[in-house]
Structures are given as structure tokens and as C-alpha cells.
Amino acid sequence: MKKSAFLFPGQGSQATGMGKSFVEHSQTAAQMLEAAGDALKIDMANLLFEPNDLLEQTRYTQPAILLVSMMAYRLFKEQIPDAPAFALGHSLGEFSALACVDAMDWLEAVKLVHLRGDLMQKACEGIDAGMMVVLGVADEDVEAICQEARDSGKKVWPANYNADGQIVIAGIKSDLQSIEEALKAAKARRVMLLNMSVASHCPLLEPAVAPLTEALEKVLRDSFAAPVVSNVTAKAYNSKAEALDLLGRQLVSPVLYKQSIRDNDDLVDRYIEFGHGGVLKGLNRRTTKKPTLVVSDYDSLNATLETLAGEG
């Protein structure tokens, strides 16, 4: 039997209307939407399905993305209950991965990433933090440019290693803008400041680590249905103690996404991404030759189920 890794996207995959087809076609998804709204005291239908400003605020973005990922996963699991070889999420997607392997309840995960987003926003209040994507520059060149900037007192760090030639850096916006010319001189195809008011996965989030770890202690279980690959180490873990350490460190450490795919690729035959947009499928094309199936709406759920059924 072919082995699958289950993938879960992070911030940046959100869009108005995500999850709507799940809710329209599934009572399970409709009940999840209602439960998440009750838990957070938020009109989740309005947040997800109607144009609004809240969906771009990280304290709301994170639970919205996780909820849609878990809808996708739950509807898939109703048809195919098999555990993955491993689960992997990008940034907040690691919390979706933990819920997928029953290391925490999905609704507790929704509440937890709402808190996580709130802590991240508070850590960055008043410091004009941001993130910037860089395309076409080797990792070591980006790292060297960031190090040189930090040596001169600037606050910029590599934050997301997404694929070869695609890296995101985080820090103070003015400091990020100050290294644009150096990145362009290194032959960057594109340098673009993202529409974000937080600096994820860098030391600026240190104030969020202790309160997030305290909240995690209360909801994590010490049993995993399958291993989860850490964003921090690109290695698998399967215990509460490891999760507490790694998820705290994840806030202030870069996301090793491409390394996670590359280093664990031999363990699986395919990847299945649960959540809106197929963002990770796009990244995977540049890292692995193995296929990535997507469950992003009701139609793609059925298409993925048909593909798997066709394998016999």
C-alpha cells in the first residue's frame, strides 16, 4: 500500500470564501463551523465567507485557516481513516498536523492558534514589524546579507525556507527595506514586502514563547497517531515533551519547510494537502518529484478520493 504524508498550510493561504463548499455539502463541516464560532465568540461564517478586514489580522487568520484545514481533513477521514506516515504543517499548520494525529483536540487547536495569533500581534505592537519574500537568491546569500545587516544593528532574519530560490525574511520593516538593494545586487528576481504586521519565526516573538507554551501544556496529549515533522528541526517527533519544546521554539526559529520535505521524502509515495489554496503543492513542485494531492474544497476532495480509489 502506498504511504502518504499529510500537509497543512499556514498564514498566507487564506481567502474569502474558503471552506464554503465544505459547509454547503457536509453537516460535519457545518457543525465544525458553528463549534469554532461558539468557542471563539466570532461569527465564523462572516469571517470566512464575507469580505471583511478581520481575515487579514493574524489573531483571526490563524483559527480560520486551521478550521478549514480540519474540515478538509475530517471529510477526507470519513472516507479514508488511515493514519499518515507523518504529518507536516507550515508554521501554524503544525498545529493542524498535531490535531490530525490526535495529539490535541481540533477545537482546542482552533482556540490555541487564536491565542497564538494574539500573542504574536502583541509581541510586535509598536515596532513596525513585517516580512519580506525574496525570490531567486541562494539561501546562503540571503543568510549572509541578513547577518551583515544584524552586525550593523539591524533586525532582520531568515524566517521561512519555502523552496529553492524562495525564502521569506522577517524583522523591522525599515530594516527589511534597507537590505533590498543588497538582495537585488545578489540577483534577486523579486523582493516584496508582505502585507503583514508581525515578524514570524524570529527573535522579535520571544515574548510570546512562555505564554504559548503554558497554554500548550494544558491541551497537548502524550499520544500521537503518527509522527509530526517539526518546522524547527525537519525531524519527526511524537511526544508531548518534544512538542512543548519545539512549538515554543518554532515562534522564534525559521520554518524549515523545504528541508522537511527533502529529508523525509523517502518515507512516502505521495503528499496530501488539506486546506485552502494548494500553496504547499506549489512549493513541493520545486522540492520533490512525488505527487501532491489537494483537498481544498468539496470538488477537490472528491477528485482526491477518486485518485486514491483508482490506485486500487
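Hydrogens, waters and symmetry mates are skipped; everything else that's a heavy atom, side chains included, is used.
The backbone N or O of Ser239 sits nowhere less than 3.5 Å from a side-chain atom of Asp222 that would complete a donor-acceptor pair. At least one donor-acceptor pair closer than 3.5 Å links the side chain of Ser152 to the backbone N or O of Ala149. The closest donor-acceptor contact from the side chain of Glu273 to the backbone of Val279 lies under 3.5 Å.
A 4.5 Å side-chain heavy-atom check between Asp105 and Val219 finds every atom pair outside the cut-off. Between Asn160 and Met131 there is a side-chain heavy-atom pair separated by less than 4.5 Å. Side-chain contact between Leu247 and Thr213: absent, with no pair of heavy atoms (C-beta onward) separated by less than 4.5 Å. Asn231 has its side chain out of reach of His90: every pair of non-hydrogen atoms, C-beta onward, lies at least 4.5 Å apart. Side chains of Leu308 and Lys2 form no contact here, defined as non-hydrogen atoms less than 4.5 Å apart. Proximity of Gln11 to Ser91: side-chain heavy atoms (C-beta onward) are nowhere separated by under 4.5 Å. Contact check for Ser69 versus Val295: no side-chain heavy atoms found under the 4.5 Å cut-off. Side-chain contact between Thr16 and Glu50 is absent, with no heavy-atom pair separated by less than 4.5 Å.
Residues Val294 and Tyr73 fall into different hydrophobic clusters, defined by Ile, Leu, Val, Met, Phe, Trp and Tyr side chains chained together at heavy-atom separations under 4.5 Å. Grouping the Ile, Leu, Val, Met, Phe, Trp and Tyr side chains by contacts below 4.5 angstrom, directly or via other members, places Val198 apart from Ile172. In terms of hydrophobic clustering, with Ile, Leu, Val, Met, Phe, Trp and Tyr side chains grouped at heavy-atom distances under 4.5 Å, Ile127 and Met120 are assigned to different clusters. Under the 4.5 Å side-chain heavy-atom criterion for grouping Ile, Leu, Val, Met, Phe, Trp and Tyr, Trp157 is not connected to Leu205 through any hydrophobic cluster. In this structure, Val232 is not a member of the same hydrophobic cluster as Leu204, with clusters built from ILVMFWY side-chain heavy atoms closer than 4.5 Å.
Pairing each heavy atom of Gly136 with each of Arg189, the nearest pair is CA-NH1, 3.5 Å. Counting all heavy atoms, side chain and backbone alike, Ala243 lies closest to Leu220 at CB-CD1, 3.7 Å. The two residues Thr61 and Leu55 make their nearest non-hydrogen contact at OG1-O, 2.5 Å. The minimum heavy-atom distance between Arg270 and Ser4, with the atom names listed, is NH1-OG, 2.6 Å. Here the closest heavy-atom approach between residue Asp263 and residue Ala234 is recorded as OD2-CB, 4.1 Å. Scanning both residues, Gly19 and Met71, for their nearest heavy atoms gives O-SD, 4.2 Å.
A distance of 13.0 Å separates NZ in Lys111 from CG in Leu66, rounded to the nearest 0.5 Å. In this structure, CG in Asn264 is found 11.0 Å from OG1 in Thr288, a value given to the nearest 0.5 Å. The CG atom of Leu92 sits 7.0 Å away from atom OG of Ser13, with the distance rounded to the nearest 0.5 Å. Distance check: Thr58 OG1 to Gln121 CD gives 5.5 Å after rounding to the nearest 0.5 Å. Note that CZ of Phe8 is 6.0 Å distant from CE of Met70, once rounded to the nearest 0.5 Å. Here Ser174 contributes atom OG and Lys154 contributes atom NZ; the two are 7.0 Å apart, rounded to the nearest 0.5 Å.
Between Glu125 and Lys122 there is no salt bridge, since no side-chain N of the basic residue sits under 4.0 Å from a carboxylate O of the acidic one.
By the side-chain hydrogen bond (donor to acceptor under 3.5 Å, both in side chains) test, Thr28 is found to be paired with Glu78, residues two or more places apart in sequence or in another chain being considered. Partners of Phe95 according to the ring-ring contact (aromatic ring centres under 6.0 Å, His included) rule, which considers only residues two or more places apart in sequence or in another chain, do not exist here. With sequence neighbours excluded, the residues forming a side-chain contact (heavy atoms from CB on, under 4.5 Å) with Glu140 are Ala138, Glu143, listed by chain and number. The salt bridge (Lys or Arg N to Asp or Glu O under 4.0 Å) check on Arg59 picks up Asp118, with sequence neighbours excluded. Take Tyr60 and apply the ring-ring contact (aromatic ring centres under 6.0 Å, His included) test, not counting sequence neighbours, and it matches His114. Partners of Val133 according to the side-chain contact (heavy atoms from CB on, under 4.5 Å) rule, which considers only residues two or more places apart in sequence or in another chain, are Leu135, Gln166, Val168, Met192, Leu194. Residues meeting the side-chain contact (heavy atoms from CB on, under 4.5 Å) test with Ala303, sequence neighbours left out: none. Considering only residues two or more places apart in sequence or on other chains, Asp164 meets the side-chain contact (heavy atoms from CB on, under 4.5 Å) condition with Lys258.
Tyr257 forms part of a hydrophobic cluster together with Leu7, Phe86, Leu88, Val229, Val255, Ile261, Leu267, Val268, Tyr271, Leu280, Leu283, judged by ILVMFWY side-chain heavy-atom separations under 4.5 Å. Within the hydrophobic cluster formed by Ile, Leu, Val, Met, Phe, Trp and Tyr side chains joined at under 4.5 Å, directly or through other members, Leu193 is accompanied by Met132, Val134, Val137, Val142, Ile145, Val156, Tyr161, Ile167, Ile169, Leu176, Ile179, Leu183, Val191, Leu256.
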Problem - Worked verdict on Asp43 versus Leu47 for side chain to side chain contact (heavy atoms under 4.5 Å, CB included) - result: CA-CA 6 Å; Asp43 184 341; Leu47 178 66; over 6 Å; no
Handout entry: Verdict with reasoning, Ser230 to Glu94, per side chain to side chain contact (heavy atoms under 4.5 Å, CB included)
Key = CA-CA 8 Å; Ser230 166; Glu94 191 166 343; 4.2 Å; yes
Handout entry: Leu48 and Leu33: CA distance, side-chain angles, deciding distance, side chain to side chain contact (heavy atoms under 4.5 Å, CB included) verdict
Key = CA-CA 10 Å; Leu48 290 173; Leu33 182 77; 3.5 Å; yes
Practice task
Take Gln147 and Asp151 through the side chain to side chain contact (heavy atoms under 4.5 Å, CB included) test and state the conclusion after the steps.
Solution key: CA-CA 6 Å; Gln147 182 63 59; Asp151 289 344; 2.9 Å; yes
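For residues 277-296, no pair satisfies ring pair (Phe, Tyr, Trp, His ring centres under 6.0 Å), with sequence neighbours left out. Here ring pair (Phe, Tyr, Trp, His ring centres under 6.0 Å) pairs that include residues 15-42, with residues two or more places apart or in two chains, are His25-Tyr298.
For Arg190, the CZ atom sits in a loose shell: 12 or fewer heavy atoms of surrounding residues, nucleotides or ligands are nearer than 6.0 Å. Within a 6.0 Å sphere centred on NZ of Lys235, other residues, nucleotides and ligands contribute 12 heavy atoms or fewer. At most 12 heavy atoms of other shown residues, nucleotides or ligands fall within 6.0 angstrom of atom CD in Glu148.
Looking at Gln62, Glu56, His276 one by one, the single match for side-chain hydrogen bond (donor to acceptor under 3.5 Å, both in side chains) with Gln14 turns out to be Glu56.
Side-chain contact check for Gln31 and Arg74: no donor-acceptor pair (N or O, by modelled atom type) lies under 3.5 Å. Side-chain contact annotation: Ser300 with Asp297, donor-acceptor N/O pair under 3.5 Å present.
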